[in-house]
**Student:** 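After the structure tokens below, expect a handful of questions from me.
This structure is a prediction, so every number in the text was calculated from the model and none was measured. Throughout, numbering of the chain's residues begins at 1 and tracks the sequence.
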Amino acid sequence: MKLFMLTFMILITLSNSCQSQDKTEPIVLSYSAQTRGFQLGIQLENNALEVLKNNETKNVELTNNQFAEIIDLVSKIDFNTIKSNLSIEDLAVDKAIKGEFSIRFKNKDYTFDFDHNNAPKSIYNLLQTLQNFTLLEK
């Protein structure tokens, strides 16, 4: 009976530790957009967030809830359907701001270039959420 209880306790402990490892998805995200009068840079590595906007830098450590929200947003993005939408002609006449987006999530790398003002909606929402997290920091 003692052997059964000991085995049962070990299995429960291992099960819980494996579950908590699954919940923390490693993520590395980088975004930059810049033109003569505008600059935006977003760097996220797991729960460490840095946002540079027009020469003002804010660093934030995301809470578990904020990090979970980011993982949820990223999980809903179908990176295989996103296309780069940058026009060379628009860049040449400063009609567009080039946005460079890269992310490493679930051991896969994705990189896109697009018009910052015409970003895919799912990526736009993700970038806005990240920027909003720095506004909450006091």
Side-chain angles (χ1 to χ4, degrees):
M1 184 68 174
K2 287 183 183 181
L3 181 61
F4 174 77
M5 288 301 289
L6 181 60
T7 305
F8 180 73
M9 294 301 287
I10 289 173
L11 285 174
I12 296 247
T13 304
L14 290 175
S15 171
N16 286 341
S17 66
C18 289
Q19 285 176 354
S20 57
Q21 287 175 359
D22 290 342
K23 290 179 184 175
T24 24
E25 281 290 337
I27 184 170
V28 177
L29 179 146
S30 176
Y31 179 74
S32 66
Q34 184 174 351
T35 189
R36 285 177 239 175
F38 175 78
Q39 179 182 23
L40 175 64
I42 299 174
Q43 303 292 322
L44 175 69
E45 187 166 351
N46 296 322
N47 67 334
L49 172 64
E50 178 182 276
V51 175
L52 166 68
K53 189 167 186 179
N54 296 328
N55 296 324
E56 184 181 336
T57 303
K58 294 187 179 183
N59 292 295
V60 176
E61 188 172 323
L62 299 179
T63 65
N64 289 340
N65 288 340
Q66 290 171 325
F67 187 69
E69 183 177 346
I70 295 304
I71 294 297
D72 185 51
L73 285 171
V74 171
S75 296
K76 291 178 182 175
I77 299 173
D78 185 359
F79 291 107
N80 296 316
T81 62
I82 293 177
K83 305 283 186 236
S84 296
N85 67 1
L86 199 56
S87 163
I88 301 299
E89 292 81 26
D90 288 347
L91 284 175
V93 294
D94 283 345
K95 186 176 175 184
I97 301 171
K98 180 179 181 180
E100 298 173 344
F101 178 88
S102 65
I103 188 166
R104 180 165 183 76
F105 183 64
K106 294 188 176 180
N107 296 318
K108 292 185 181 175
D109 294 315
Y110 303 96
T111 302
F112 304 99
D113 292 335
F114 48 79
D115 179 350
H116 171 73
N117 294 316
N118 191 21
K121 186 173 174 102
S122 56
I123 291 180
Y124 173 82
N125 291 339
L126 173 62
L127 296 174
Q128 284 300 118
T129 301
L130 290 168
Q131 290 180 75
N132 289 340
F133 287 153
T134 63
L135 298 175
L136 300 174
E137 187 70 15
K138 294 179 181 168

**Student:** Taking salt bridge (charged side-chain N to carboxylate O under 4.0 Å, His left out) as the definition, give me every residue that meets it alongside Asp109, ordered by chain and number, with sequence neighbours left out.
**Tutor:** Arg104

**Student:** Which value, rounded to the nearest 0.5 Å, describes the distance between Ile123 atom CD1 and Asn125 atom CG?
**Tutor:** 10.5 Å

**Student:** Say whether, by atom type as modelled, one donor and one acceptor occur between the side chain of Ser84 and the main chain of Asp113 under 3.5 angstrom.
**Tutor:** yes

**Student:** Test side-chain contact (heavy atoms from CB on, under 4.5 Å) on Tyr110 and Ile82 and set out the steps.
**Tutor:** CA-CA 10 Å; Tyr110 303 96; Ile82 293 177; over 6 Å; no

**Student:** Would Ile103 and Leu73 show up in the same hydrophobic cluster when neighbours are defined by side-chain heavy atoms closer than 4.5 Å?
**Tutor:** yes

**Student:** Any side-chain heavy atom of Asn47 within less than 4.5 Å of one from Val60?
**Tutor:** no

**Student:** When rounded to the nearest 0.5 angstrom, what is the spacing between CG in Leu135 and NZ in Lys58?
**Tutor:** 5.5 Å

**Student:** Enter the distance from Ile70:CD1 to Leu29:CG here, rounded to the nearest 0.5 Å.
**Tutor:** 8.5 Å

**Student:** Decide whether Ile71 and Val74 are clustered together by the hydrophobic rule: side chain heavy atoms of Ile, Leu, Val, Met, Phe, Trp, Tyr closer than 4.5 Å, transitively.
**Tutor:** yes

**Student:** Would you name the heavy atoms of Asn46 and Pro26 that are closest together and state the gap between them?
**Tutor:** OD1-CA, 3.2 Å

**Student:** Look at the rings of Phe79 and Phe112 and say which category their plane angle falls in: under 30° parallel, 30 to 60° tilted, over 60° perpendicular.
**Tutor:** parallel

**Student:** Give the minimum heavy-atom separation between Ala33 and Gly99, together with the two atoms involved.
**Tutor:** CB-CA, 4.1 Å

**Student:** I'd like to know whether CG of Asn64 has more than 12 heavy-atom contacts from other residues, nucleotides or ligands below 6.0 angstrom.
**Tutor:** no

**Student:** With a 4.5 Å heavy-atom cut-off, do Thr63 and Phe133 have their side chains touching?
**Tutor:** no

**Student:** Do Ile77 and Pro120 have side chains that get closer than 4.5 Å, going by heavy atoms?
**Tutor:** no

**Student:** How many angstroms lie between atom CD of Glu100 and atom OG of Ser30, to the nearest 0.5 angstrom?
**Tutor:** 8.5 Å

**Student:** Measure the spacing between CD of Glu69 and CG of Leu126 and express it to the nearest 0.5 Å.
**Tutor:** 10.0 Å

**Student:** Answer yes or no: is there a side-chain heavy-atom contact under 4.5 Å between Ile27 and Phe67?
**Tutor:** yes

**Student:** Please answer: with hydrophobic residues joined when any side-chain heavy atoms are less than 4.5 Å apart, are Leu130 and Leu52 in the same cluster?
**Tutor:** no

**Student:** Go through Gln128 and Gln131 one step at a time and tell me if the side-chain contact (heavy atoms from CB on, under 4.5 Å) criterion holds.
**Tutor:** CA-CA 5 Å; Gln128 284 300 118; Gln131 290 180 75; 3.3 Å; yes

**Student:** Taking a hydrophobic cluster as the set of Ile, Leu, Val, Met, Phe, Trp and Tyr residues connected by side-chain heavy atoms closer than 4.5 Å, whether directly or through intermediates, do Val28 and Leu44 fall within one such cluster?
**Tutor:** no

**Student:** Parallel, tilted or perpendicular, judged at 30° and 60°: which one describes the rings of Phe101 and Tyr31?
**Tutor:** tilted

**Student:** Can you run down the ring pair (Phe, Tyr, Trp, His ring centres under 6.0 Å) pairs that involve residues 36-56, sequence neighbours left out, and say none if there aren't any?
**Tutor:** Phe38-His116

**Student:** Could you tell me if the side chain of Ile42 sits less than 4.5 Å from the side chain of Leu49, heavy atoms only?
**Tutor:** yes

**Student:** What distance separates Ser32 OG from Gln39 CD, expressed to the nearest 0.5 Å?
**Tutor:** 9.0 Å

**Student:** List for me each residue that meets salt bridge (charged side-chain N to carboxylate O under 4.0 Å, His left out) alongside Lys76, sequence neighbours excluded, and say none if there are none.
**Tutor:** Asp72

